Structure formats: structure tokens, C-alpha cells
There are 2 protein chains.
Amino acid sequence: MATLETISSIDTAPRHPIRLVANRTGLTVDLIRAWEKRYHVVEPARSDTKRRLYSDYDIERLRLIRIAKHNGRRLVDVAPMSLEALRDVVSEDSRFDAAQNNQAEVYRPSWSNPLESTDTQDSVDAMLFAIQTMDQHRFDHLLQEGLVKQALPVYLETVIGPLLREIGESTRLGKLRIAHEHMATAHLRTFIGALRFRETFTGSEPKIVITTPTGQLHELGALMIAALVSVDGWLPVYLGPNTPADEIAACAMQSGARAVSLSLTYPADDPRIPTELTRLRSQLDQKIPLFVGGSAAAHHQELIARLGLQSPLSLNGLRQSLNELRDRGFRLQSA
Amino acid sequence: MATLETISSIDTAPRHPIRLVANRTGLTVDLIRAWEKRYHVVEPARSDTKRRLYSDYDIERLRLIRIAKHNGRRLVDVAPMSLEALRDVVSEDSRFDAAQNNQAEVYRPSWSNPLESTDTQDSVDAMLFAIQTMDQHRFDHLLQEGLVKQALPVYLETVIGPLLREIGESTRLGKLRIAHEHMATAHLRTFIGALRFRETFTGSEPKIVITTPTGQLHELGALMIAALVSVDGWLPVYLGPNTPADEIAACAMQSGARAVSLSLTYPADDPRIPTELTRLRSQLDQKIPLFVGGSAAAHHQELIARLGLQSPLSLNGLRQSLNELRDRGFRLQSA
DNA sequence: GCAATGTTGTCCCACTTTTGTCCAGACAAA
DNA sequence: TTTGTCTGGACAAAAGTGGGACAACATTGC
């Protein structure tokens with residue numbers, strides 16, 4: 001899939017001005033220059049008039065260094081590290097960090113073998129088997145393991161998404177009991193819910209309200225989105241499932257959110273959906289885009305078009321729209 | 001166990017600054033230095049500008065010493081110990097602790113302290129304020145902070161329980177919006193859900209199925225119980241809310257659970273409750289006790305009595321019953 | 001029971017190193 | 001013109017270091 005490549009190999013083309021980099025990383029412009037001056041943390045390309053031009057690669061580096069610093073690393077130590085080394089350090093630190101990690105259990109030597117494309121299907125199958133045998137530890141282990149192997153957005157798209165579909169399908173076909181589905185869902189609710197706390201927030205991130213409208217009780221899709229956008233420098237205001245339109249609008253207003261995202265899954269033809277969407281769109285500031293996703297979004301195409309809502313086709317599409325919105329927004333802010 | 005071997009080959013390369021060590025161990029920077037000054041607990045290498053540089057080995061030592069201290073050991077005694085000796089001491093202590101656990105709490109003087117009651121009230125108030133202002137970071141910080149201060153069972157009973165009631169009440173009175181309640185609930189769902197993974201499981205724990213019956217959509221009570229029992233050496237099989245009686249019974253059978261616990265909150269007078277409870281009791285092996293708790297349990301007193309269900313009055317009551325059951329079971333098992 | 005003594009977490013000081021912010025003057029972009 | 005970026009340097013806040021003081025508490029000896 002194209003998605004895989006675009007996400008995993010980071011673009012090194014220089015194109016971002018320093019202000020945008022500052023906004024995305026949460027660092028100040030001065031600081032970025034100071035780091036460059038003192039430790040050559042990043043050495044951006046220059047325009048023909050000597051303006052710095054940063055690549056996505058640079059931005060990723062800076063973000064990682066910022067997190068490493070937050071974890072107690074010294075700039076001197078992390079500055080010369082490669083992106084991979086930084087990733088390792090950061091993930092190691094955040095695994096150990098937080099007084100949460102009471103005891104051992106860590107130091108796992110297992111992921112030496114790289115991931116192949118068929119692996120994800122295997123991985124999903126293994127999880128389904130763990131669910132069927134009600135082996136919670138194994139299930140949890142598989143979830144954690146898969147997550148370490150790849151970036152969160154890829155993981156959500158290639159593992160968690162398919163897993164959810166398989167669980168639904170298997171339950172419908174009677175291959176899994178409702179009890180199995182319940183257990184798996186409850187487990188995933190905790191797991192995905194915790195994902196967004198892997199990121200460090202600066203407080204300057206734009207906010208996005210994420211929920212499902214009245215009648216939509218399945219929250220895992222919305223929760224995945226909350227985890228996803230937190231990777232890209234948004235702060236999700238997550239409201240859980242089944243939130244009335246008025247409340248969503250009120251929440252967006254109070255929190256000063258820059259976007260709203262709804263997830264529709266089941267029931268796909270709930271008669272309340274048109275009412276709620278219309279109501280929400282009218283109560284919401286016109287400048288705030290309203291994203292509608294989930295498997296049931298396809299059932300409401302004309303409605304979505306009529307109301308002028310955004311309906312990205314994949315998690316990746318949503319990501320891109322939000323990235324654009326975020327960067328555009330920052331320009332306005334500073335102007 | 002596998003963990004031991006992997007840990008025993010700990011890197012002794014000095015590379016971590018003191019701040020990071022503080023983060024990882026939960027000790028303060030001052031304290032780490034004081035320990036070094038007084039007892040040479042660790043003797044870190046130095047950078048060329050005399051900054052301390054700790055190795056993974058040092059960190060592991062400090063972490064173990066911290067646990068040993070927490071268990072009541074004196075610093076003087078543990079300071080000169082080798083890593084292996086420390087491990088032995090710590091694991092011995094925690095085993096002893098676990099055995100004593102149940103009574104130990106009652107004797108702690110801090111609970112009878114009158115300050116305590118206002119303390120937790122303050123803490124709950126602070127959380128409510130964070131919810132009202134939609135300050136997710138603050139809310140999360142308060143939750144984590146409170147948890148550090150006291151044992152999990154106490155925390156659940158004195159902070160989380162009251163907090164849930166206050167949120168419900170405030171929403172009913174209009175002091176909080178539904179959106180606030182949703183946000184708080186979603187957040188708590190993740191937080192409480194993660195609590196049970198703080199424990200390390202050996203695989204030999206007796207299992208207990210935890211859920212809510214059909215019609216009961218609020219899961220936080222059940223989730224609290226899952227976290228609670230995992231502290232006491234049970235392995236919760238958590239099914240989320242709204243599980244049909246047949247499925248609960250099937251799950252108990254497949255997983256070989258030794259007990260089942262249901263949480264009833266809202267609606268208190270749902271007509272499905274008697275049907276479901278009766279059905280579940282009849283399908284479940286008579287040797288498996290069925291616990292029924294939650295605020296709505298009081299509405300079904302005669303039913304509970306008639307079916308011979310257990311209905312502990314508090315989390316603590318449930319704990320005690322389960323402890324007895326577990327110990328009785330263990331005796332049988334070994335006899 | 002009480003005083004003396006030991007233990008231990010926290011804080012303060014004076015000093016050094018590291019790191020974040022600010023400024024001035026030149027130039028580029030809008 | 002106004003705003004933003006660039007360079008180089010200055011400055012100050014933050015964090016680390018060694019040394020020591022001190023209060024809270026536990027233990028010991030009488």
C-alpha cells in the first residue's frame with residue numbers, strides 16, 4: 001500500500017520554513033537556531049536567500065529530541081544521535097519512565113526479526129486465536145508487541161483496524177461468542193485509550209473534539225482517531241460515544257477546538273444521524289470543519305455533501321486533511 | 001522466569017544524567033545525591049565536567065532500593081547489598097506483603113487521621129474543577145498524583161468512588177454539562193482500565209468474571225472491581241458492560257472462573273435485572289459464588305437473598321470475601 | 001517513660017555548567 | 001512599510017555540584 005511507504009520513510013526534501021517547524025515541534029524559533037548553532041542538532045538546507053528550509057525528517061528529529069529532553073536526557077548527549085538511535089532512546093525512556101512501571105517485565109529481547117507484509121495478517125490471526133481462547137495475557141502481549149514494531153498510524157491502519165473488522169465479522173458468523181467479543185472490546189478500549197498518552201503535549205497544540213453522535217454506541221473508531229491525531233500534534237478532546245449534537249457544539253466552543261471529528265459505525269441507518277449532523281453543523285462555527293468517518297459514513301453521502309462536511313476515506317486521508325488545517329491555521333494565527 | 005536472565009545482563013555503561021535517573025526511579029535528584037554522599041549507594045561515573053553519569057545497572061539498584069525502603073527496610077541495611085541480594089530481599093518482602101495485605105491496611109494510622117477526609121475531598125474538588133474547565137492534562141495529573149499517594153484499594157474507595165458520585169450528581173444538577181461528564185467518563189474509562197495492568201500476574205491466579213448484566217450500560221463500577229481484585233491476586237476476566245446472562249455463564253465456564261461479579265448502577269429498576277440474575281444463577285455451577293454490587297444492588301435485596309447471591313456492602317467487603325474464597329480454594333488445591 | 005542517639009528526607013548556600021531567551025543591525029518577503 | 005529571518009553575541013534562568021544544616025522520626029539505653 002502507498003500508505004505504508006509514505007508513513008514509514010520520512011521525506012527528506014527541504015521545504016518547511018522555521019516558523020512552521022516551531023509550531024509543529026512546540027519549540028521556539030530562537031531555540032531551534034540556538035540548538036543548531038551549538039550542537040548542530042539539525043543542519044537544514046537553505047533557500048537562495050539563506051532562509052532555513054527544514055525537511056519532515058528534520059522535524060521528526062526535533063520532536064524526538066524535545067521528548068528526549070523532557071525525559072531527562074541532556075542536549076549534549078542526544079544532539080549527535082541518528083533518527084533511529086533517537087527513536088530507540090525515546091521509546092526506551094518512555095517505557096521505563098513514569099513511576100507507573102513498577103517492576104521488571106521490561107527488557108524484552110524478542111523483536112529482533114523485522115516485520116514482513118504477511119506478518120500483519122498472522123498477527124491479527126494470532127490475536128483472534130488469543131481472544132477465542134480467552135487468553136488475555138497473550139492478547140495483550142500481541143497488542144504491545146505489534147505496536148513496538150511500527151509507527152502508531154501504520155499500526156492502527158494495518159493491525160487494529162483489520163482486527164476490529166475480523167472480530168465483528170467472526171462474531172456475526174458465530175466463530176466467536178458474544179462473550180469473546182465483549183472481552184476483546186473491553187481490552188481494546190483500554191489499550192487504544194492509553195495510546196494517546198504516549199505523546200507528550202506542549203499545551204500549544206490545536207484541539208479537536210472527537211466523539212460519536214447520539215445513537216452510535218461503538219467508540220473504538222473514535223478512540224483510534226484520538227490516538228492517531230495526537231501523533232500529529234493535535235490535542236484530542238475525547239468525549240466517548242453517544243454525545244448529543246448540542247453538547248458537541250458546546251464542547252467545541254468551550255475548549256476552543258479547531259475541528260470536530262465524528263465516527264459512524266453501527267447502526268448505519270439510525271434515523272437520528274441526519275438530524276444530529278444537521279443540528280451540529282448549524283451550531284458549530286462555520287470555520288470549524290466537521291469530519292465524518294467510520295464504516296457507516298458511506299450510507300450518508302448526500303447528507304455529508306449537502307452539509308459540506310469532510311469525509312476522508314481512510315485514517316491517512318484524515319491525517320492529511322488535519323495536517324493541512326493545522327499548518328494553515330498557524331499561519332493565520334501569526335498573521 | 002525469563003525476566004531474570006534478561007535483567008541479569010544489565011548494561012554497566014555510564015550514560016544517564018541524574019535527572020533521567022530521578023524520572024525512572026521516582027526518587028528526587030537531591031535524594032539520589034544524599035544516598036551517594038552517605039552510603040555510597042551508587043557511585044556513578046563522571047563526565048568531563050563532573051556531571052554524574054549513571055548506568056542501567058545503577059538505575060536498577062536504585063529502583064530496588066526504593067522498593068526495599070518502601071517495604072520497610074532501612075537504607076543502612078540495604079545500601080551495601082549486591083543487586084542479587086537486593087532482588088532476593090525485595091521479592092521476599094513483596095510476597096510477605098501480599099500475604100498480609102488484607103489486614104495490613106486496617107492498621108495504618110494515616111487513615112484514621114481526620115486530615116484524610118478533607119484531603120480527599122479537596123482532591124475530588126480539584127478534579128471536578130479540572131473537568132469543568134475541560135483541562136484534561138490537569139485531570140489526568142490529579143488522577144495519577146492521587147494514585148501515588150495511597151494504595152489502590154484505598155484510592156478507589158476514597159477518591160474514584162466519590163468522584164464518580166460527584167460527577168453524576170453535578171451533572172444531574174446542571175453544574176456540569178453532559179459534555180463534561182462524557183469527557184470525564186471517557187478519561188476515567190481509560191485510566192481505571194489501565195490500573196489492572198499495574199499488577200504482575202503469574203498465571204496461577206484464580207479467575208473472576210466481571211461485567212454488568214444486560215441493560216446496565218455503565219461499566220466504571222465493574223472496571224473498578226477488576227482493578228481492585230487484581231491487587232489481591234485474582235485474574236479478572238473483564239467483559240465490559242451489558243453482557244447477557246448466557247454469555248456470562250459460558251465465559252465463566254470456558255475460563256474456569258472461580259467467581260463472578262456483577263455491578264448494577266443504572267437504571268436501578270430495569271425489569272431485565274431479575275430475569276438475568278435468575279437465569280445466570282441457574283446456569284452457573286453452584287460452587288461458583290455470584291457477587292452483586294453497585295448502587296442499584298440495594299433495590300434488589302429480596303431477589304439477591306432468594307437466589308443466594310453475595311452482596312457485599314463495600315469494595316472492602318468484596319475484597320474480604322474474595323480473599324477468603326481464594327485462600328479456601330488454595331487449601332483445597334494443595335490438599 | 002524519657003533522653004540520647006541514629007537515620008533519613010529535604011532544604012539552603014556558593015559556585016559551575018548548560019540551556020533558553022533576547023537584542024541589534026542587516027537583509028528578505030509580503 | 002511592515003513583518004519575519006539571519007548572524008553573532010550577551011545575558012539570565014535552570015540545573016548540577018559539594019558541603020552542610022535541620023527537622024521528623026525511629027531506635028536504643030537507662
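Keep in mind that the numbers below use all heavy atoms, side chains included, and drop hydrogens, waters and symmetry copies. Here is the naming used below: chain letters follow the sequence lines, and residue numbers restart at 1 for every chain. Everything numeric in this text was worked out from a predicted model, so none of it was measured.
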Atom [atom1] of [X] to atom [atom2] of [N]: distance rounded to whole Å?
{"X": "B/Ile65", "N": "C/dT7", "atom1": "CD1", "atom2": "C1'", "result": "15 Å"}
{"X": "B/Glu36", "N": "C/dG9", "atom1": "CD", "atom2": "P", "result": "15 Å"}
{"X": "A/Leu20", "N": "C/dA29", "atom1": "CG", "atom2": "P", "result": "18 Å"}
{"X": "A/His40", "N": "D/dT7", "atom1": "NE2", "atom2": "P", "result": "13 Å"}
{"X": "B/Ile18", "N": "D/dA14", "atom1": "CD1", "atom2": "C1'", "result": "15 Å"}
{"X": "A/Lys50", "N": "C/dC27", "atom1": "NZ", "atom2": "P", "result": "10 Å"}
{"X": "B/Ile32", "N": "D/dT17", "atom1": "CD1", "atom2": "C1'", "result": "14 Å"}

Side chains of B/Leu156 and B/Leu195: closer than 4.5 Å at any heavy-atom pair? yes
Side chain to side chain donor-acceptor pair (under 3.5 Å) with B/Asp232: of B/Arg326, B/Gln320, B/Arg319, only one passes, and it is B/Arg319
OP1, OP2 of D/dG16 versus side-chain N and O of B/Arg52: anything below 4.0 Å? no
Within less than 4.0 Å of OP1 or OP2 of D/dT7, is there a side-chain N or O belonging to A/Arg46? yes
Considering residues at least two apart in sequence or located in another chain, which fulfil the side chain to side chain contact (heavy atoms under 4.5 Å, CB included) criterion with [X]?
{"X": "B/Ser230", "value": "B/Arg196, B/Glu199, B/Phe201, B/Pro236"}
{"X": "A/Leu53", "value": "A/Pro14, A/Ser47"}
{"X": "B/Glu157", "value": "B/Ser314, B/Leu315, B/Asn316"}

Could you check whether B/Asp30 pairs with B/Arg33 (Lys NZ or Arg NE/NH1/NH2 to Asp/Glu carboxylate O, under 4.0 Å)? yes
Does A/Arg46 come within less than 4.0 Å of A/Glu36, counting only side-chain N to carboxylate O? yes
What is the per-nucleotide protein-contact pattern of nucleotides 14-22 of chain C, from the 5' end, where B denotes a base atom under 4.0 Å from a protein heavy atom, S denotes such proximity for sugar-phosphate atoms only, and - denotes neither? --BBSSBBB
Inter-axis angle, terminal five-pair segments of the helix from C/dG1-D/dC30 to C/dA30-D/dT1 [nearest 10°]: 50°
Residues two or more places apart in sequence or in another chain: which of them pass salt bridge (Lys or Arg N to Asp or Glu O under 4.0 Å) with B/Arg74? B/Asp77
Verify the neighbour count for atom CZ of B/Phe129: are there more than 12 heavy atoms of other residues, nucleotides or ligands below 6.0 Å? no
